[in-house]
Chemist: 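Sending over a structure as structure tokens; questions will come in a sec.
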Protein chains: 2
Amino acid sequence: MEQETRLTESRPASPGTLRPGGRTAKVRGAVLDATRDALAETGFHALNMDRIAASAGVGKTTVYRRWGSPVGLVTDLLHDMAEQSLPAADTGALAGDLRANAELVRDTLTHPRMGAVFHAVIAAAACDEECARALAGFYRTRLAEWAPVVARGAERGEIPAGTDPVELLRAVSAPLYYRFAVTHEELTGDVAGRAAEAALAAARAGVFVRE
Amino acid sequence: MEQETRLTESRPASPGTLRPGGRTAKVRGAVLDATRDALAETGFHALNMDRIAASAGVGKTTVYRRWGSPVGLVTDLLHDMAEQSLPAADTGALAGDLRANAELVRDTLTHPRMGAVFHAVIAAAACDEECARALAGFYRTRLAEWAPVVARGAERGEIPAGTDPVELLRAVSAPLYYRFAVTHEELTGDVAGRAAEAALAAARAGVFVRE
DNA sequence: GACTTAATGGAACAGGAGACCCGTTTGACT
DNA sequence: AGTCAAACGGGTCTCCTGTTCCATTAAGTC
């Protein structure tokens, strides 16, 4: 409860936003790096503010003041990730583009460092409303970046006109995230391939046409 | 770290397994009920061993001894859920059965009490290996219960022979869990319907045929 | 280059989580 | 019914988490 008030009042105009100079940015970089390391090594449940402060070479007061809690750290990590965007593929055929998208998701989730971060983000989002909103926003922008790929496919007539691009892209991601977050199965190349194929087959059948 | 040793040494032959008599079972029931309540009210991050003990009317020593941590509580809750199984549908047509499956998943995840439990379980599984295994086992049995439904559909020729039943069922669940756990979007009836339709379309196209 | 103020960091402090000890209760077995 | 062992529960103690206070450092501004 006090966690929630701290987060909502410290995020919009928190320390670091009014004076985004050299030191403040360095502190944030060091803390977020330390957070990534800690997540990769010991996971979200062991995320400890004091240890983060120590390994980032920063006063623990600062960490508590600016981030408030492990969930706050992960949420900020998410904001940081949202700022770096990767370009979408363009192989000339929708099947290839969707396959590339599925492989990108797979690579991210199986990456030893990134995978741990995503596990943490999902756990944190299940605990905290604000983190959930940040996560939703992250995927909204990520999917929007790839939407033109689907639109081009529709123009080429590979899928029915009126197909909802984002809905199709969600269908590609869903099987991968389902295995990653829910059943914790291994993400093989097969799984990614089938995710792309299944989504495309459904799109061709008109399941994602917006009425 | 000490959490891990405690869990591994207390779960396989923990108190309560050697003497599954009246009191022990009552204590477990009360504690798991209190856990469900707490999850529904305040979520996983606020799960507090002392408060659980108090609201279950049980000594906190007992809760610490038998479950060790919030993750342990949620893991046991999961074991408890795994024991109650619901019968699979049989509408006579695969499309209807898959739709029923999707609706069942949707009802579970949107159920105010159950939804909170699933959020907690997913968060706990992201933190703890043993909980992740328990969750994986839960879905293995759940999906196995529905596999005959798909097999009947294949016999009726509604999908290609050789279609992997579990793979098809995963495809139905995936979009729902993706929205539930990752993007935290609302699970409308539309979403469930499209999940079933898309999975069936992909199956008809032969995407889930085991080579 | 001096001034103002945001941000940092060290130290001390309070509160609560979690472990331990040991007496009590209760189920299982004869 | 009586015995034994297992599980429960109250009380206590310790250590860690998170907060507060204040001096120090360094951005931004003139």
Side-chain angles (χ1 to χ4, degrees), chain A residues 1-7 9-32 34-35 38 42 44-74 76 127-128, chain B residues 1-35 38 42 44-74 76 127-128:
Chain A
M1 46 197 75
E2 82 294 319
Q3 198 174 39
E4 210 140 349
T5 51
R6 294 195 70 274
L7 280 170
E9 81 184 0
S10 72
R11 186 108 292 284
S14 78
T17 54
L18 284 173
R19 187 178 283 200
R23 181 166 66 160
T24 299
K26 244 184 200 141
V27 165
R28 186 172 113 129
V31 168
L32 292 189
T35 303
T42 57
F44 179 61
H45 76 290
L47 205 56
N48 180 279
M49 306 288 278
D50 293 33
R51 231 167 298 158
I52 294 295
S55 75
V58 160
K60 77 167 182 167
T61 310
T62 301
V63 178
Y64 279 109
R65 184 168 32 217
R66 284 186 64 178
W67 290 277
S69 69
V71 168
L73 278 173
V74 171
D76 196 33
C127 296
D128 181 77
Chain B
M1 49 197 69
E2 82 294 321
Q3 198 173 38
E4 209 139 348
T5 51
R6 294 195 70 273
L7 279 171
T8 44
E9 82 185 0
S10 71
R11 187 105 291 283
S14 79
T17 53
L18 284 173
R19 186 178 282 200
R23 181 166 66 160
T24 299
K26 241 181 201 145
V27 166
R28 186 177 123 144
V31 167
L32 292 189
D33 274 346
T35 302
T42 58
F44 178 62
H45 76 290
L47 205 56
N48 178 279
M49 306 288 278
D50 293 32
R51 232 166 297 158
I52 293 295
S55 76
V58 160
K60 75 167 183 168
T61 309
T62 301
V63 178
Y64 278 110
R65 184 167 30 215
R66 283 187 64 177
W67 290 277
S69 69
V71 168
L73 279 172
V74 171
D76 196 34
C127 296
D128 181 77

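Order of the sequence lines fixes the chain letters, A, B, ..., with proteins taken first and strands second; residue numbering starts at 1 for each chain.
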Chemist: Enter the distance from A/Thr61:OG1 to A/Met49:CE here, rounded to the nearest 0.5 Å.
Modeler: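 Rounded to the nearest 0.5 Å, the OG1-CE separation comes to 11.0 Å.
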Chemist: How many angstroms lie between CG in B/Leu47 and OG1 in B/Thr35, if you round to the nearest 0.5 Å?
Modeler: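 Answer for the CG-OG1 pair, B/Leu47 versus B/Thr35, is 6.0 Å.
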Chemist: Let me test you: for the helix from C/dG1-D/dC30 to C/dT30-D/dA1, what is the angle between the axes at its two ends (five pairs each), rounded to 10 degrees?
Modeler: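 Rounded value for the end-axis angle: 50°.
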Chemist: Considering only heavy atoms from C-beta outward, does the side chain of B/Val71 approach that of B/Phe44 to under 4.5 Å?
Modeler: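 Side chain of B/Val71 against side chain of B/Phe44, heavy atoms only: contact under 4.5 Å found.
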Chemist: If you compare all heavy atoms of B/Ala53 against all heavy atoms of B/Lys60, which two are closest, and at what distance to 0.1 Å?
Modeler: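 Reported closest heavy-atom pair: CB-CA, 3.5 Å.
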Chemist: Could I get a table of every N or O pair under 3.5 Å where one atom is in the protein and the other is in nucleotides 12-17 of chain C?
Modeler:
| residue | atom | partner | partner atom | Å |
| --- | --- | --- | --- | --- |
| C/dA17 | OP1 | B/Asn48 | ND2 | 2.7 |

Chemist: Please determine if a side-chain N or O atom of A/Thr24 lies less than 4.0 Å away from the OP1 or OP2 oxygen of C/dA7.
Modeler: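 Checking C/dA7 against A/Thr24, no side-chain N or O comes under 4.0 Å of OP1 or OP2.
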Chemist: Rounded to whole Å, please give me the gap between NZ in A/Lys26 and P in C/dG9.
Modeler: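 These atoms are roughly 12 Å apart.
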Chemist: Ignoring hydrogens, what is the shortest heavy-atom contact between A/Ile52 and A/Ala38? Give both atom names and the distance.
Modeler: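 Of all heavy-atom pairs spanning A/Ile52 and A/Ala38, the closest is CD1-CB, 3.8 Å.
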Chemist: Which whole-number value in Å describes the distance from B/Met49 CE to D/dC8 P?
Modeler: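 Whole-Å distance recorded here is 13 Å.
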Chemist: CG of B/Asp76 to CZ of B/Arg66: how many Å apart, nearest 0.5 Å?
Modeler: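 Reported to 0.5 Å precision, the distance equals 7.5 Å.
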Chemist: Between A/Tyr64 and A/Asp50, is the side-chain contact (heavy atoms from CB on, under 4.5 Å) condition met? List the steps.
Modeler: CA-CA 9 Å; A/Tyr64 279 109; A/Asp50 293 33; 2.8 Å; yes
Chemist: In Å and rounded to the nearest 0.5 Å, what is the CG to CG distance from A/Asn48 to A/Leu73?
Modeler: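 Between atom CG of A/Asn48 and atom CG of A/Leu73 there are 10.0 Å.
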Chemist: Grab the CZ-C1' distance between A/Arg28 and C/dA7 for me, whole Å please.
Modeler: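 From A/Arg28 CZ to C/dA7 C1': 15 Å.
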Chemist: Using whole Å, report how far CG of B/Leu47 lies from C1' of C/dG18.
Modeler: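 Rounded to the whole Å, the gap is 15 Å.
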Chemist: What's touching nucleotides 21-23 of chain D from the protein side, N or O pairs under 3.5 Å?
Modeler:
none

